[in-house]
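As structure tokens, the structure follows; a few thoughts come after it.
In each ligand, atom 1 is the first atom listed, and ligand 1 is the first ligand listed. Residue numbers count from 1 along this sequence.
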Amino acid sequence: IQKIAVLTSGGDSPGMNAAIRAVVRACCFYKVECIGVFRGFQGLVEGDFEPLGARDVNYIINRGGTFLKSARSDAFRTVEGRQSAYRNLVDADIDALIIIGGDGSFKGGMTFNQEFNFPVITIPGTIDNDINGTTHTIGFDTALNTVMEAVDKIRDTASSHKRLFFVEVMGRDAGHIALNSGIGCGAEEIIIPEENLGMERLVETLKKSKASGKSSSIVIVAEGEKLGKNVFELADYVEKNLPEYDVRVSVLGHMQRGGAPSCFDRVLASRFGVKAVESLLEGKSNFMVGLINDQVVLTPLDKAVKGNSGIDWDLLRISDMISI
Ligand code: F6P
């Protein structure tokens, strides 16, 4: 392998730049050329390539987002689009591809690998942490800290006004952000799609919380929650059933995807980037790099794309025990 291309795809996450930097510098170390592909798969289809050297990735380890940009590509979903991507890679003498992204991007990479037998290694970069084969995805830790800081601030106003806040956090259909940030913020209740909590239990918890003398309450709601109600409808329901509460809703939104990556995410991204390059140089393909028991390991891509790594039910138990 003489030339490796790298791209970021899907929703950006803090730490993607640190991963690109690690890929570029590992390539320099092993005297392999590195090519940056701009705008994800769309850039692959259009041949939007630029060589990247060690100095092109100066001072990006600390920056959120991705300087290679990210995009959704309808063209790459078509056979013609993927053929064009393959032609562009071959014309540029590129031997292998590193994809930094989430589940959807991995599926694209796997299809591409199967169709053209082109070497692909993926790196999990998403705030949602919803990938099999890794306990942590790049950006998850930073997003948790962002949510925690925001909710700590909301708690100040909640306790000053004796209010109940419903805070909606991201995560697509997974509850990892909600569950972990909820514990970190001391939320009274955490609503995640993986658990069917039920409206009665929610009302019950909040009643108990009030009776126990708490002056404020925070309920963290994962955006993919499945109580059949969105966060505003949940808040309305609770307000109707518990008129003693002064209820407010806060949707944190895309702020959770931005900001400087945490140290954990920078280190994780650096480890993943180096492992991705080394794996390709060892002749491996169609794997995702991931973290298991604090070791960077490879998981076959078809297992990595299969959904999410599952909720840690013990965290829910702990939250229920100590959020009284
Ligand atoms: O996958 C990351 C994520 O931020 C999810 O948590 C969220 O559901 C989704 O992307 C939002 O996507 P968009 O930026 O396209 O609105």
Side-chain angles (χ1 to χ4, degrees), residues 7-20 39-43 63-77 99-109 122-151 166-182 184-185 190-194 220-227 229-232 234 249-262 265 268-269 272 288 290 304-311:
L7 63 82
T8 48
S9 167
D12 64 313
S13 70
M16 278 185 163
N17 277 325
I20 300 165
R39 296 176 295 118
F41 290 129
Q42 191 58 30
R63 279 172 44 202
T66 158
F67 91 100
L68 286 178
K69 316 284 180 209
S70 196
R72 293 206 162 82
S73 172
D74 289 333
F76 196 75
R77 288 179 210 279
I99 298 166
I100 306 168
D103 182 60
S105 315
F106 294 179
K107 284 184 184 135
T122 70
I123 296 178
T126 162
I127 62 166
D128 301 336
N129 209 38
D130 57 348
I131 306 283
N132 270 337
T134 189
T135 51
H136 290 79
T137 55
I138 298 170
F140 176 54
D141 182 66
T142 306
L144 288 181
N145 284 298
T146 302
V147 171
M148 193 181 67
E149 280 170 29
V151 176
F166 282 81
V167 182
E168 187 192 90
V169 299
M170 279 186 165
R172 211 175 284 272
D173 354 292
H176 300 285
I177 296 180
L179 181 54
N180 286 270
S181 66
C185 300
I190 301 168
I191 302 178
I192 56 172
E194 292 85 350
I220 300 281
V221 185
E223 63 175 343
E225 62 82 20
K226 292 198 178 74
L227 283 177
K229 293 181 169 40
N230 67 35
V231 69
F232 292 99
L234 274 179
V249 174
S250 186
V251 177
L252 297 187
H254 285 79
M255 68 177 291
Q256 295 161 90
R257 286 236 298 261
S262 66
D265 277 328
L268 186 72
F272 282 178
M288 178 196 78
V305 296
K306 251 188 202 145
N308 93 46
S309 53
I311 276 293

Which segment of Q256 sits under 4.0 Å of ligand 1 when only heavy atoms are counted: neither
Qualifying residues under side chain to side chain contact (heavy atoms under 4.5 Å, CB included), relative to T142, sequence neighbours excluded: P14, T146, P261, S262, D265
Smallest separation among heavy atoms of E194 and D173, with atom names: OE2-O, 4.0 Å
For G171, the ligand 1 atoms whose distance to one of its heavy atoms is below 4.0 Å: 6 (O)
Counting non-hydrogen protein atoms only, what is the nearest one to [atom]? Give residue, atom name and distance.
atom	answer
atom 14 (O) of ligand 1	H254 NE2, 2.8 Å
atom 7 (C) of ligand 1	E223 OE2, 3.2 Å
atom 9 (C) of ligand 1	R172 NH2, 3.5 Å
atom 2 (C) of ligand 1	D128 OD2, 3.3 Å
atom 4 (O) of ligand 1	R257 NH1, 2.8 Å

Whether R72 lies under 4.0 Å from ligand 1, heavy atom: yes
Pairwise side-chain contact, I220 with V169, heavy-atom cut-off 4.5 Å (strictly under): yes
Trace of the side-chain contact (heavy atoms from CB on, under 4.5 Å) decision for L252 with M170: CA-CA 8 Å; L252 297 187; M170 279 186 165; over 6 Å; no
Side-chain donor or acceptor of S181 paired with backbone N/O of M148 under 3.5 Å: no
D103/T126 under side-chain contact (heavy atoms from CB on, under 4.5 Å): CA gap, chis, key distance, verdict: CA-CA 9 Å; D103 182 60; T126 162; over 6 Å; no
